[in-house]
> 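Below you'll find the structure I mean.
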Amino acid sequence: MAQRVVAEGLFDWPSDEPRLIGSKCQVCDLVAFPAYPNCPNCGSLDVAETRLSTRGTLWTWTRQRFQPKNPPYLGTEAAADFVGYGVGYIELPEARVEARLTGGVDEPLEIGQEMELTVVPFATDADGTEVLTYAFRPVENSAGKN
Amino acid sequence: MAQRVVAEGLFDWPSDEPRLIGSKCQVCDLVAFPAYPNCPNCGSLDVAETRLSTRGTLWTWTRQRFQPKNPPYLGTEAAADFVGYGVGYIELPEARVEARLTGGVDEPLEIGQEMELTVVPFATDADGTEVLTYAFRPVENSAGKN
Amino acid sequence: MDDVAIIGVGRTPFGRFPGQTAIQLGAQAVRAALTDAGLEWKQIQFGFAGSFEVDNPDAVINFLGLTGIPITDVYNGCATAASALTQAANTIRLGEYDLGIAVGMDKHPTGAFASYSEEYGLPAWYGETGLFLTPKFFAMKIQRYMYDHGISPRTLAKVAAKNYRNGSISPLAFRRTPMSEEKILTSRMVNDPLTQYMFCSPDEGAAAVILCRASVAHRYTSKPIYLKASVVRTRKLGAFEVHSPWLPLQRADAPTVFASRAAYEMAGLGPDDVDVAQLQDTDAGAEVIHLAENGLCKDGEQERLYAEGATEIGGSIPVNTDGGLIANGEPIGASGLRQVYELTQQLRGTAGDRQVPGTPRVGYGQLYGAPGTAGVAILST
Amino acid sequence: MDDVAIIGVGRTPFGRFPGQTAIQLGAQAVRAALTDAGLEWKQIQFGFAGSFEVDNPDAVINFLGLTGIPITDVYNGCATAASALTQAANTIRLGEYDLGIAVGMDKHPTGAFASYSEEYGLPAWYGETGLFLTPKFFAMKIQRYMYDHGISPRTLAKVAAKNYRNGSISPLAFRRTPMSEEKILTSRMVNDPLTQYMFCSPDEGAAAVILCRASVAHRYTSKPIYLKASVVRTRKLGAFEVHSPWLPLQRADAPTVFASRAAYEMAGLGPDDVDVAQLQDTDAGAEVIHLAENGLCKDGEQERLYAEGATEIGGSIPVNTDGGLIANGEPIGASGLRQVYELTQQLRGTAGDRQVPGTPRVGYGQLYGAPGTAGVAILST
Ligand SMILES: [Zn+2]
Ligand SMILES: [Zn+2]
């Protein structure tokens, strides 16, 4: 099946070990995500691409239980077929990153649990092409919350 | 053919002698068009419906030669079929009123010429109903510009 | 800023008004404020107008009188009214004009707001992947706050139940039926932990506030209310704000905290002086958090305060006495001027069934909106 | 208002910039203004931001730094920049802040603007019958003006030809190719008497102006330009304004006339003092009319003035030295700040090929937009 990433430069793809792509300020060291053309702290334009860590902990979460409007949302399920998805901020060593969470809306989630990066299809273009984005999933067999 | 007016309360219809419906302030006597819920001069809410005269002179004019976007415009001609229409302000004894002008874009027009009210179809609904609005047309055999 | 007085307030009912445009609602609110102040439109020397849906809310003058005055349209998301009020007050303080108006109006379609993320300086993928949504931000903010400070879902239900109860005694509110905590808790989950009835709805309405130089206020009213402070602040890096694809590890206080501090300082007052407050309750969690962000309690105290009824009309710190956004809905441009309307009634002692007992002297209003802007106003007798 | 100085100006090219959002263009303009002033973003204490297409132009701070400053979004149609500039100047005059910014940005789709008449306080039928259009208003205003004051179509062509010619020596303009009067006169008739090349186009771009208290301007620049006046006025009843289904018989002067008079009075200057002017040339006719409405000539004198080249860069009253809207197009939020950018270059003597000879000392900028709002700014060395 044909696939495409929702945005170039958001994460490595194709890749066996994809990582999120951020930017690091060469003046004040702040890491931002996604990659910014400038530092949102000091305003410097001297920023360099940087890869973020792939594992972290769940800092907060919710579940998106109503269907976002399309556009801008690319999902095209009939309203009755919309099942919702988890959303959370993952605390990585470099920054807290907002992400869709894998698993349905009934997946139990707890602040502090370990999460890891994955890449998932979340919508399908009119021509059948699957659209991929990054997401985080609970680390299996992890010790649980922090 | 089924017909409807573009807006109730804009002019008398059906009528053999339709007139435009304005409002007259009961405090400062200002006549406004279309009928306002208030006086745009003194702000009074004490306004009464009034009929405007049907003849006046052309105060200024232009021709609308590009097709307005639909919506809000109700016209649905294909771009190639759009012929344009005249637009002007008619100086009536009570007020200057903006209006579409009858005749195509090649109809000669002169500031000061006599004009009279008419009601014309200008668009067609999806179900074939003709939509009517007011317009002004040159008075035939008039003495021309004063 | 003790040189600016509020001498007239007006609002429409908030709700759904088919056949009336936002601008007509705006004119209705202005007329109500003029009547309240005993003024005619032609006496108004300048204005600021706010709206989300209407490009040119200044066109309200079509229905009031074309007098040629300067009117500036302002917009700052849900904090729009704070911008209108602040700029109107500053215009008087500047000395050129004595008498001006702040008016806000809106008429939103039903359902959540939809926009494009690019218009907020965000990449397109943020909207395309289903992340450009306001409600889930509020859900995640209160989720973390509950974890950090021991707030229970029951307290969220208490917030909403109080606001529906206050709405039931507010003749101009949208939702005027009380609702039980159980019904609120068990209603449809929208964004965990927030259920359907813990959210406010976008709706329709308008509100207006007439301001004048304090030294001439006695010409128009025997009971002027003074606008002691009105400030707007944007977010600092590290604040947990709506529409944030990421956050730095080092946290900063929310913009409300800075707006609140600046307003207290400008007013020469502190949280202990506040007798009645109107806080941005986009959802029940927001009221809980904003209570602390505005210095009206410590983080975590809310659990006890709501259980004890402290935020009720008869409590020690009455909050959203007119039912807030939860009972009134939110016509964005008007919402903060509704707060000022209610605070003015409370300080005048004319709030009827909603009147806070004991002659309240200081009123406090706070707004928060996308993309991370807060406004705070402090009023006093 | 001689206590406010302009110490930095910046703009992007105007035109079409696929792949860049309006907000990114805004950030680019701010950076250019900061560089011009020798400042860093974190030194800016407050801002006003204007845009038609962007709900929250304050989100430009995402690309500059989240420093928590107050930023108010303003909008007044094509006069938006006048509102941003006026409010920014007033904020400094108020005394709380020393250093602030006005920024405007827009990115319009091609073609004429489309809106709903109800959003302007007009009935739905006005749009439905094909009357809610801006260009035909300008056409009818100049049609009557030509009749009353003996202006020929040839003069309209001279206006446009001058502005394309000035655009050809303006590196940041959109249309940089000179065009003959014949080509302009014989191009497609759009709204009689205005042809295709007599109109400006909506396009994309941003501009920013940094203001400071005049008493500290020497810290930042050796050649501060002073903002002597900046005012906004709405229409009076009887003015012939855009989107008017009717007009009363008794005419009133245009809002530009009142804004102009107020600005001259505030600046303590008169039309004879103006060395270089930027006027709203939505179309060639608008420049002709605005020349008189701003007191820069008598009604009807334009026919002779344009024939003699008086409005050329080397003429007695140079108008739209950077090509105006006709050569730059109109990103609504930015357009008036582009005027201030150009006037500042002229007064500094840094306008290069476009430099008005003889050390111009007073610059004049005017804006006019829907639904009948005018703005005037007067700058001096
Ligand atoms: Zn940095
Ligand atoms: Zn009247």
Side-chain angles (χ1 to χ4, degrees), chain C residues 21-24 26-27 47 51-63 65-77 80 83 86-87 90-91 93-96 115 118-122 231-239 241 243 252 255 258-259 262 369-373, chain D residues 21-24 26-27 47 51-63 65-77 80 83 86-87 90-91 93-96 115 118-122 231-239 241 243 252 255 258-259 262 369-373:
Chain C
T21 64
I23 289 180
Q24 287 170 330
S51 181
F52 175 73
E53 305 285 349
V54 179
D55 289 343
N56 275 97
D58 61 292
V60 69
I61 61 179
N62 286 354
F63 297 104
L66 301 178
T67 56
I69 61 172
I71 300 188
T72 305
D73 296 332
V74 295
Y75 180 72
N76 277 92
T80 294
S83 292
T86 301
Q87 296 307 319
N90 283 352
T91 301
R93 294 169 68 209
L94 198 54
E96 284 170 48
S115 293
E118 300 93 302
E119 292 184 7
Y120 288 75
L122 293 162
V231 300
V232 172
R233 289 291 184 274
T234 57
R235 60 211 171 282
K236 293 207 184 197
L237 185 72
E241 297 304 304
H243 307 323
F258 295 99
T373 307
Chain D
T21 65
I23 288 180
Q24 286 169 329
S51 181
F52 174 73
E53 304 286 349
V54 178
D55 290 344
N56 275 97
D58 62 291
V60 69
I61 60 179
N62 286 355
F63 296 106
L66 301 177
T67 56
I69 61 172
I71 299 187
T72 305
D73 296 332
V74 295
Y75 180 72
N76 277 91
T80 293
S83 292
T86 302
Q87 296 307 319
N90 284 351
T91 300
R93 295 168 68 210
L94 198 55
E96 283 170 49
S115 291
E118 300 93 302
E119 291 184 8
Y120 289 75
L122 293 162
V231 301
V232 173
R233 289 292 183 275
T234 57
R235 61 210 170 279
K236 294 207 184 197
L237 185 72
E241 298 303 303
H243 308 325
F258 295 99
T373 306

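In the text below, chain A, chain B and the rest are named by the order of the sequence lines, each starting its count at 1.
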> Using heavy-atom distances under 4.5 Å, tell me whether C:Thr21 contacts chain D through its side chain, its backbone, both, or neither.
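Side chain of C:Thr21 only, per the 4.5 Å heavy-atom cut-off to chain D.
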> Quickly, which of D:Ile71, D:Asp73, D:Ile23 forms a side-chain contact (heavy atoms from CB on, under 4.5 Å) with D:Asn56? Name it, please.
D:Asp73
> Looking only at heavy atoms and a cut-off of under 4.5 Å, which of D:Ala59, D:Gly65, D:Gly68 has the most pairs with chain C?
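If we count pairs closer than 4.5 Å to chain C, D:Gly68 comes out on top.
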> Measure distances from D:Ala370 to the heavy atoms of chain C and classify the residue's part below 4.5 Å as side chain, backbone, both or neither.
backbone
> Please classify the contact of C:Phe258 with chain D as side chain, backbone, both or neither, using a heavy-atom distance under 4.5 Å.
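Contact with chain D: none, neither part.
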> Give a yes or no answer on whether the side chain of D:Thr234 reaches the backbone of C:Ile69 with a donor-acceptor pair at less than 3.5 Å.
yes
> Can a donor-acceptor pair be found, under 3.5 Å and without considering hydrogens, that links the side chain of D:Asp55 to the backbone of C:Phe52?
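Side chain of D:Asp55 to backbone of C:Phe52: no pair is present.
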> Which atoms of D:Ser51 come close to chain C, meaning under 4.5 Å heavy atom to heavy atom: side chain ones, backbone ones, both, or neither?
neither
> Based on non-hydrogen pairs under 4.5 Å, which of C:Leu237, C:Val54, C:Leu122, C:Val60 is most in contact with chain D?
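Max contact count across the listed options: C:Leu237.
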> Which answer fits C:Pro371, side chain, backbone, both or neither, if we ask what part of it has an atom under 4.5 Å from a heavy atom of chain D?
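Both backbone and side chain.
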> Would you check, one step at a time, whether the test side chain to side chain donor-acceptor pair (under 3.5 Å) holds for C:Arg235 with D:Asn62?
CA-CA 10 Å; C:Arg235 60 211 171 282; D:Asn62 286 355; 3.0 Å; yes
> Can you tell which part of C:Thr80 gets under 4.5 Å to a heavy atom of chain D, answering side chain, backbone, both or neither?
neither
> With chain D as the partner, which of C:Asn76, C:Val74, C:Val232 has the greatest number of non-hydrogen pairs under 4.5 Å?
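If we count pairs closer than 4.5 Å to chain D, C:Asn76 comes out on top.
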> Please step through side-chain contact (heavy atoms from CB on, under 4.5 Å) for the pair C:Gln87 and D:Thr72, ending with a clear verdict.
CA-CA 9 Å; C:Gln87 296 307 319; D:Thr72 305; 3.6 Å; yes
> Can you tell me which portion of C:Leu66 sits under 4.5 Å from chain D's heavy atoms? Options are side chain, backbone, both or neither.
both
> Over all heavy atoms of both residues, which pair between C:Phe63 and C:Ala27 is shortest? Give the atoms and the distance, please.
CB-CB, 3.7 Å
> Does any heavy atom of chain D fall under 4.5 Å from the side chain of C:Ala252, the backbone, both, or neither of them?
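Neither part, no heavy atoms under 4.5 Å.
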